[in-house]
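These notes concern the structure reproduced below.
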Amino acid sequence: MTALTETPNVTERDLGALVKVYGEVTERLKNSHEVLMHEVRRLREQIDEKNRELARRERLSALGVMAAGVAHEIRNPLGGIGLYASLLERDLIDRPKQRDIARKIGAGVEKLEGIVVDVLAFAGGAPPRCAPTRLSDIIDGALSVTEARFSADGACVDVSPEVRDVLWHCDEGKIRRVFVNLLVNALDAASQGAHVRIRPGDALPWSEDDGIELYSVVVEDDGPGISADRLHKVFDPFFTTKDTGTGLGLAIAHGIAESHGGRLTVRNRRSGGAAFTLSLPVATNHVAA
Ligand code: ADP
């Protein structure tokens, strides 16, 4: 009698435990399914991003070959025109009006030569000659190039002390050029009295990409920022909103960052203004002594 009444109680307990375990396993499966789905989505986004980047590189490489061909063809006759203009300027010493015209031709040629140099740089100049380089040397070099422009605009620049001693493994001349471009763009965008900041990258300036350790620096301004429809175009060659711009500066800067195994990205600041983040491989001993 006792056995008969006890058996159903044991079975109920077992059943209860079984249902509990089943519930827990289902919950665990649901969680790992969600984790896996999240991972699949992340990997899919990564593949899409890599594919977009690959397509962009193919487009740019075809454009670069064509642009370099045109630039080479233009370079020689341009040199000739510049030379004849300077000879004319010299010979017209007694005719100031005509001399001024020859001088203007010479100035136009100089500007065109600058564009040809930029086009050739965009098409892929010499590969970077990297060495451990202190960030303060790069930044100070860029600031001395842009000094006159900063004082003419009544603008100022703040450099966070912690970025100064970082050592990048980079080509100093090429990276200086990137900073000059970012600083000049910041001044062009902001009004008189602009405030530009050079500081460590957001959250974690140190990161790793394919086993390479990178350090990020942000160059940000208090200008109007970049509208959403233009944000993804600023690195495209020949995209410019300036009357006298060539639209090559950021395309060259982006190419330089990539040729170092790094990257250059842009976003708008929440408080207004644009923020460009340059991430480059660090030298093995990271920080200068
Ligand atoms: P350019 O200076 O000849 O226009 P760039 O490639 O350096 O060529 O810049 C492309 C465009 O990106 C600029 O014309 C401008 O519209 C936009 N831009 C670049 N930097 C900034 C910035 N700091 N703030 C707002 N817009 C910017």
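Being a predicted model, the structure only gives us computed values, none of them experimental. Read the numbers this way: they start at 1 and go in the same order the structure lists the ligands and their atoms. Just so it is clear, the values below take in all heavy atoms, side chains as well, and ignore hydrogens, waters and symmetry mates.
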Numbered atoms and elements of ligand 1 in range of Asn181, under 4.0 angstrom, heavy atoms: 7 (O)
Other residues, nucleotides, ligands: >12 heavy atoms within 6.0 Å of Arg75 CZ: no
Which residues share a side-chain hydrogen bond (donor to acceptor under 3.5 Å, both in side chains) with His260, sequence neighbours left out: none
Nearest neighbour in protein (non-hydrogen) for atom 24 (N) of ligand 1: Ala189 CB, 3.2 Å
Closest candidate by heavy atom, reference atom 4 (O) of ligand 1, pool Val184, Val196, Thr240: Thr240
Spatial distance of atom NZ (Lys20) from atom CZ (Arg13) [nearest 0.5 Å]: 13.5 Å
Protein contact to atom 7 (O) of ligand 1 [nearest heavy atom, distance to 0.1 Å]: Asn185 ND2, 2.9 Å
Nearest heavy-atom neighbours spanning Tyr215 and Trp168: O-NE1, 3.2 Å
Nearest-contact summary for atom 10 (C) of ligand 1 - protein heavy atom, Å: Phe239 O, 3.2 Å
Proximity of Leu182 to ligand 1 by residue part, where a heavy atom lies under 4.0 Å: neither
Straight-line distance of Asp118 CG to Glu113 CD, nearest 0.5 Å: 12.5 Å
Proximity to ligand 1 by part of Phe276, non-hydrogen separation under 4.0 Å: side chain
Numbering as shown, the atoms of ligand 1 that approach Thr246 to under 4.0 Å (heavy-atom distance): 3 (O)
Lys104 and Asp100 ion-paired at < 4.0 Å: yes
Student check: side-chain heavy atoms of His72 and Leu120 closer than 4.5 Å: yes
Closest non-hydrogen atom pair, Ile212 against Pro281: CG2-CB, 3.7 Å
Per-residue contact class, Asp221 against ligand 1 - non-hydrogen pairs under 4.0 Å: side chain
Geometric N/O contact Gly245 with ligand 1, under 3.5 angstrom: no
Nearest heavy atoms of Asn268 and Ala274, plus distance in Å: OD1-CA, 4.3 Å
Identity and distance of the protein heavy atom lying nearest atom 6 (O) of ligand 1: Leu250 N, 2.8 Å
Sub-4.0 Å heavy-atom approach of Gly225 to ligand 1: yes
Per atom 12 (O) of ligand 1, closest listed option by heavy atom (Thr241, Val234, Val266): Val234
Min heavy-atom dist Gly247 to ligand 1 below 4.0 Å: yes
Closest non-hydrogen atom pair, Val218 against Ala275: CG1-CB, 3.9 Å
Common cluster, Phe238/Ile226, ILVMFWY with side-chain heavy-atom separation under 4.5 Å: yes
Side chain, backbone, both or neither: the part of Ile226 lying under 4.0 Å from ligand 1 by heavy atom: side chain
Minimum-distance protein heavy atom relative to atom 2 (O) of ligand 1: Lys242 NZ, 2.6 Å
Geometric N/O contact Asp188 with ligand 1, under 3.5 angstrom: no
